[in-house]
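Report on the structure given below.
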Amino acid sequence: RQRQMCIRDSFYRETTYRELVKPYLDEAKKELINYLSINSVYDEKTITEKTPYGQGVEKALTFLADLGKRLGFNVDRVDHHCTELSYGEGKLLDIYAHADVVPVSENWVHKPFEPTIEGDKIFARGACDDKGPGLASLFAAKALLDNNKLNGFKLRIIFGGDEERGSSCLEYYFNEYKKEYPTYGFTPDADFPMIYAEKSIHTVELIKECPKLASLIEDFDFGKATNIVLDEATAILKKVENLENKVKHYQENHKDINLVLNDNTLKFFGKSVHGATPWLGVNAGLHLLNFFGEEYGIEELCKLFIALEKGDGKSFGGDFTSETFDSTSYAIGKMNFKNNTIKLIINLRLPENVNISEPIEKLEKFTSSKCNDLGGCDALVIPLESTLVQTLCNVYKEETGDEINKPLAIGGGTYAKESKNSLAFGPTFPGRDFFIHQDDEYFFISDFENIIGIYAHAIDALGKALRENK
């Protein structure tokens, strides 16, 4: 459900926990800049046994291990898939954050791995997703540790290395490394007040034969991640007759896309957004297909565009809902064309009551294509009356004074799905937009400082629940 917007300039309140963490804020900001300076995009070219996600991710996980050890936590490197920082004994409370970040485009105004501070904003890839919140959780735990408030339970802060590509890191942590599931857990990787429900997420491959397109353009391969709407696509044409007029005609009818023609190269520039809300973006790859569909009379390409351009499934009856979720989403993050065959990789997010076979059947029928489910994860719904939800709700209210906004059900997928008894808790306050997965991602420094206090309160409150066997 949509949140009730309670937009304020600040969700800051003077509280006991805000006072508790104040001595740690300067060091936290310094280490945040160091952390954000690491390019931790997955890098297939540098994968080894000790760098399963590439050298950049490993560098970030090593940074966290060294920092955690210096702050007084026990360190487990989990065969280089994660960095686990822990303290205490007893029932488990987990916090999940990720060190990997999504790829960057050439359109950044700021340098994505040279953190830039302008006023209250810090610009860098991962500032909000998820390096800032992850580090805030660590310094919240440090404040509690130094004040003798991490007793009677075991806290684990697990930084994973592959969240953005499907969370294989936490799958390894629990299923291969055989770590125990927690009694309670949360991930600082979504919205406040909290996320009690997440859609199921599947990766679907759509295959469509189109020899007519092969007669017009060269093969192509676009996209770096499945969960980011394609914002750039390039067609190298074999034929250029009357091309300028066709480009002009298409541009007049589709003002949301920008076309640039240079000799026989036609570039499409759209808008990148998170795969959970594709209707907020403009998919350059789909517009490429539609250009040749409309301007060269290839009807099957127009069908693909009609089916997927809005990203909500309404055009072909794939807009499923439930009591928990009010939408379904279809995002195209990768696509290629080779041997007369178009392949689209669809990031498909569904309500908890929908079987993956239902949207696949409808999409295949509408587009006359073949769709394959490449795998995914089930939906997550944590009961609103549970101790975990109620405890974190109270923490949020006490720390912010926000009595309006309620727990959310979202399309985004978080680490909570990879664990048990876990949900997403912050870091984004109502009304904020930090361009996650987009160019010039940023985070408010004041929010970074604020959430350190909030997460300290959350850890302390859930620790109390564990000690009292709630």
Side-chain angles (χ1 to χ4, degrees), residues 28-29 31-43 53 56-57 59-60 63-64 96-137 159-165 187-192 195 223-232 269-278 280-284 331 333 347 410-415 424 426-452:
K29 287 183 285 187
E31 296 299 348
L32 175 61
I33 291 172
N34 293 333
Y35 190 21
L36 292 172
S37 299
I38 302 171
N39 181 344
S40 54
V41 175
Y42 172 84
D43 182 12
Y53 307 121
V57 175
K59 184 178 180 180
F63 166 84
L64 293 163
Y96 309 108
H98 61 91
D100 62 312
V101 297
V102 296
V104 298
S105 76
E106 298 177 355
N107 300 322
W108 278 63
V109 173
H110 304 85
K111 294 183 179 179
F113 299 107
E114 295 181 17
T116 302
I117 295 176
E118 295 180 0
D120 191 31
K121 297 179 180 179
I122 182 166
F123 292 86
R125 175 59 89 212
C128 183
D129 183 25
D130 182 43
K131 290 181 175 179
L135 213 62
S137 301
F159 293 90
D162 196 38
E163 193 270 350
E164 296 292 3
R165 296 188 326 117
T187 176
D189 194 19
D191 298 306
F192 285 124
I195 308 301
K224 297 178 181 179
T226 59
N227 60 349
I228 307 175
V229 168
L230 275 169
D231 63 344
E232 292 186 20
F269 297 94
K271 179 183 178 183
S272 175
V273 295
H274 194 287
T277 53
L280 299 179
V282 180
N283 197 300
N347 186 252
I410 64 167
T414 74
Y415 268 149
T428 304
F429 293 108
R432 306 284 204 249
D433 180 5
F434 297 120
F435 296 158
I436 292 173
H437 288 202
Q438 300 177 54
D439 300 331
D440 290 286
E441 176 186 350
Y442 70 94
F443 201 34
F444 286 141
I445 295 173
S446 57
D447 279 7
F448 174 68
E449 294 177 344
N450 198 4
I451 63 175
I452 296 176

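Computed from heavy atoms alone, side chains included, the values below leave out hydrogens, waters and symmetry copies.
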Work out which heavy atom in [X] is nearest to a heavy atom in [Y]; give both atom names and the distance.
{"X": "Leu135", "Y": "Ala28", "result": "CD2-O, 3.9 Å"}
{"X": "Ala190", "Y": "Ile410", "result": "CB-CD1, 4.3 Å"}
{"X": "Asn107", "Y": "Asp440", "result": "O-OD2, 4.1 Å"}
{"X": "Cys128", "Y": "Thr428", "result": "SG-OG1, 3.8 Å"}
{"X": "Asp130", "Y": "Tyr96", "result": "OD2-O, 4.4 Å"}
{"X": "Val57", "Y": "Tyr53", "result": "CG2-O, 3.7 Å"}

Can you check whether [X] reaches [Y] side chain to side chain, under 4.5 Å on heavy atoms?
{"X": "Lys131", "Y": "Phe443", "answer": "no"}
{"X": "Val104", "Y": "Glu441", "answer": "no"}
{"X": "Ile38", "Y": "Lys59", "answer": "yes"}
{"X": "Ile117", "Y": "Ile445", "answer": "yes"}
{"X": "Ile33", "Y": "Ile122", "answer": "yes"}
{"X": "Glu164", "Y": "His437", "answer": "yes"}
{"X": "Gln438", "Y": "Ile436", "answer": "no"}
{"X": "Phe429", "Y": "Ile451", "answer": "yes"}

If we ignore hydrogens and angles and just use 3.5 Å, is the side chain of [X] paired with the main-chain N or O of [Y] as donor and acceptor?
{"X": "Glu232", "Y": "Phe269", "result": "no"}
{"X": "Asp120", "Y": "Ser446", "result": "yes"}
{"X": "Arg125", "Y": "Phe113", "result": "no"}
{"X": "Ser272", "Y": "Gly270", "result": "no"}
{"X": "Thr277", "Y": "Val273", "result": "no"}

Check: Quick one: CD on Glu114 to CH2 on Trp108, what's the gap to the nearest 0.5 Å?
Finding: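 The CH2 atom of Trp108 is 11.5 Å from CD of Glu114, to the nearest 0.5 Å.
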Notebook entry, point to check: Can you tell me how far the CG atom of Asn227 sits from the CZ atom of Arg165, to the nearest 0.5 Å?
Noted result: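 So the gap between those two atoms works out to 11.0 Å.
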Note to self: Arg432 vs Asp447, test: side chain to side chain contact (heavy atoms under 4.5 Å, CB included). Steps then yes/no.
What the structure shows: CA-CA 10 Å; Arg432 306 284 204 249; Asp447 279 7; 2.9 Å; yes
Next item on the list: Verify side chain to side chain contact (heavy atoms under 4.5 Å, CB included) between Ile228 and Val102, making sure each step is shown before the conclusion.
Entry: CA-CA 9 Å; Ile228 307 175; Val102 296; 3.7 Å; yes
Side chains of [X] and [Y]: do they bring a donor and an acceptor to under 3.5 Å?
{"X": "Lys224", "Y": "Ser105", "value": "no"}
{"X": "Ser40", "Y": "Asp100", "value": "no"}
{"X": "His274", "Y": "Asp129", "value": "no"}

Notebook entry, point to check: What residues form a ring-ring contact (aromatic ring centres under 6.0 Å, His included) with Tyr442, not counting sequence neighbours?
Noted result: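 Checked Tyr442 against ring-ring contact (aromatic ring centres under 6.0 Å, His included); matches are Phe123, Phe434, Phe435, Phe444.
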Item checked: Passing candidate, side-chain hydrogen bond (donor to acceptor under 3.5 Å, both in side chains) with His98, options Asp189, Asp162, Thr414 ->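 When side-chain hydrogen bond (donor to acceptor under 3.5 Å, both in side chains) is applied between His98 and each of Asp189, Asp162, Thr414, only Asp189 qualifies.
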Item checked: Parallel, tilted or perpendicular: rings of Tyr35 and Phe159 (30°, 60°) ->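 Perpendicular: the ring planes of Phe159 and Tyr35 meet at over 60°.
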